[in-house]
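To start, the structure under review is shown below, and the notes come after it.
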Amino acid sequence: MHEYLKIALWLIAAYLIGSLPFGFIIGKFRGVDVRTVGSKNIGATNVYRTVGKSWGLLAFLLDFLKGLIPTLLCRQLEGMGDLAVFVGLSCVIGHTLTVFMKFKGGKGVATAFGMLMVLSPLPALAAFGVFAVTVWLSHYISLGSCLAALSLGVGIWFCTDVLSLKIMMSLLAFFVIWKHRSNIERLIRGCENKIY
């Protein structure tokens with residue numbers, strides 16, 4: 001029973017940390033409700049476009065740390081096992097389905113990147129490379145995010161022996177792409193917003 005309670009506490013704490021809506025908070029601090037402007041998303045990309053570049057980068061960093069810090073703490077205290085994977089995943093779920101915003105949140109890219117830098121940094125850095133090159137060439141953050149998620153979902157199978165991590169990252173990659181479905185529709189129609 002004690003073991004199950006410890007696991008539950010880890011997962012609940014990770015979810016609540018992941019749920020902290022930093023993009024929304026930064027927007028409010030600057031007098032902007034990001035839920036009503038741009039893409040109406042509370043993630044770093046919408047903050048970048050509607051509040052300012054430096055504020056968007058700050059939102060990205062904070063969302064990144066939401067995934068990195070709880071996962072790192074769990075790995076250091078509990079070891080590199082399934083619990084660390086699920087703690088990281090709970091952070092991402094918290095970000096995308098935050099309890100503080102009626103279960104509406106961001107798209108999970110920055111938080112997932114933070115989690116992966118702890119659990120499997122090589123595919124995380126490779127996915128970030130795909131993201132950076134795609135955004136540089138196309139100026140579409142959404143396209144970069146989807147291609148990075150796709151490369152991660154495939155690449156993770158060649159970079160780790162932890163089966164739970166392989167499965168969770170593949171599912172997470174699918175979830176991130178699914179969260180971008182409206183962006184994909186706009187990309188197809190040719191009316192998606194560029195970063196500049």
Applying side chain to side chain contact (heavy atoms under 4.5 Å, CB included) to V176 and K107, what does each step give before you reach the verdict? CA-CA 6 Å; V176 167; K107 294 176 180 176; 5.6 Å; no

Might you point out which heavy atoms bring L97 and S19 nearest each other, and give the distance in Å? O-OG, 4.4 Å

Roughly how far apart are I7 CD1 and L83 CG, rounded to 0.5 Å? 6.0 Å

Side chain to side chain contact (heavy atoms under 4.5 Å, CB included), that's the test. Do L172 and M115 meet it? Break it down for me. CA-CA 12 Å; L172 181 60; M115 168 193 68; 3.6 Å; yes

Walk me through it: do S39 and T45 pass the test side chain to side chain contact (heavy atoms under 4.5 Å, CB included)? CA-CA 9 Å; S39 65; T45 300; over 6 Å; no

Shared ILVMFWY cluster between L163 and L171, side chains joined below 4.5 angstrom? yes

Between G23 and V34 the two heavy atoms that sit nearest each other are O-CG2, 4.1 Å

Of all heavy-atom pairs linking A148 and S151, the shortest is O-OG, 2.8 Å

Validation row, ring centre F86 to ring centre W10 under 6.0 Å: no

Would a 4.5 Å heavy-atom cut-off, applied to side chains only, mark I184 and S142 as touching? no

Looking only at heavy atoms, which two atoms of P21 and F100 are closest? And how far apart? CD-CD1, 4.1 Å

Shared hydrophobic cluster for L122 and F128 (ILVMFWY, side-chain gaps under 4.5 Å): no

For a side chain to side chain contact (heavy atoms under 4.5 Å, CB included) with S182, tell me which candidate from H180, K179, R186 qualifies. R186

Using only atom types and a distance under 3.5 Å, with no angle test, would you say the side chain of R30 pairs donor to acceptor with the backbone of G27? no

Say whether L125 and V130 are linked into one hydrophobic cluster, either directly or through other cluster members, by side-chain heavy-atom distances under 4.5 angstrom. no

L165 vs M168, side chain to side chain contact (heavy atoms under 4.5 Å, CB included): CA-CA, chis, key distance, verdict: CA-CA 5 Å; L165 181 58; M168 287 300 111; 5.6 Å; no

Check whether any side-chain N or O of T111 sits under 3.5 Å from a backbone N or O of G108 as a donor-acceptor pair, and report yes or no. no

Under 3.5 Å: donor-acceptor pair, side chain of K40, backbone of R35: no

Given 3.5 Å as the limit, does a donor-acceptor pair link the side chain of Y140 with the main chain of T134, or not? no

Quick check: is I69 connected to I12 through a chain of hydrophobic side chains (ILVMFWY, heavy atoms under 4.5 Å apart)? yes

Atom CD1 in I141, atom SG in C146: separation rounded to 0.5 Å? 12.0 Å

Relative to the ring of F60, is the ring of F113 parallel (under 30°), tilted (30 to 60°) or perpendicular (over 60°)? tilted

Heavy-atom closest pair (D63 atom, A110 atom, distance to 0.1 Å) is CB-CB, 3.8 Å

Give a yes or no on whether the backbone of N46 and the side-chain of N41 come within a donor-acceptor separation of less than 3.5 Å. no

In Å, rounded to the nearest 0.5 Å, how long is the span from OG of S90 to CG of L16? 10.0 Å

Interatomic spacing from OH in Y48 to CG in L57 - rounded to 0.5 Å: 6.0 Å

Grab the two heavy atoms, one from A173 and one from A149, that are nearest each other, plus how far apart they are. CB-O, 3.1 Å

Can you tell me if NZ on K104 sees more than 12 non-hydrogen neighbours from other groups inside 6.0 Å? no

Donor-acceptor check, side chain of T98 to backbone of H95, threshold 3.5 angstrom: yes or no? no

State, yes or no, whether a side-chain contact exists between P123 and L116 at a heavy-atom distance under 4.5 Å. no

Between CZ of F22 and CG of L62, what distance do you get to the nearest 0.5 Å? 5.0 Å

Rounded to the nearest 0.5 Å, what's the gap from OG1 on T36 to CG on D33? Could you check? 4.5 Å

Remaining members of hydrophobic cluster (4.5 Å side-chain criterion), I17: none

Answer with yes or no whether the hydrophobic clustering places L143 together with I188; edges join I, L, V, M, F, W, Y residues whose side-chain heavy atoms lie under 4.5 Å apart. no

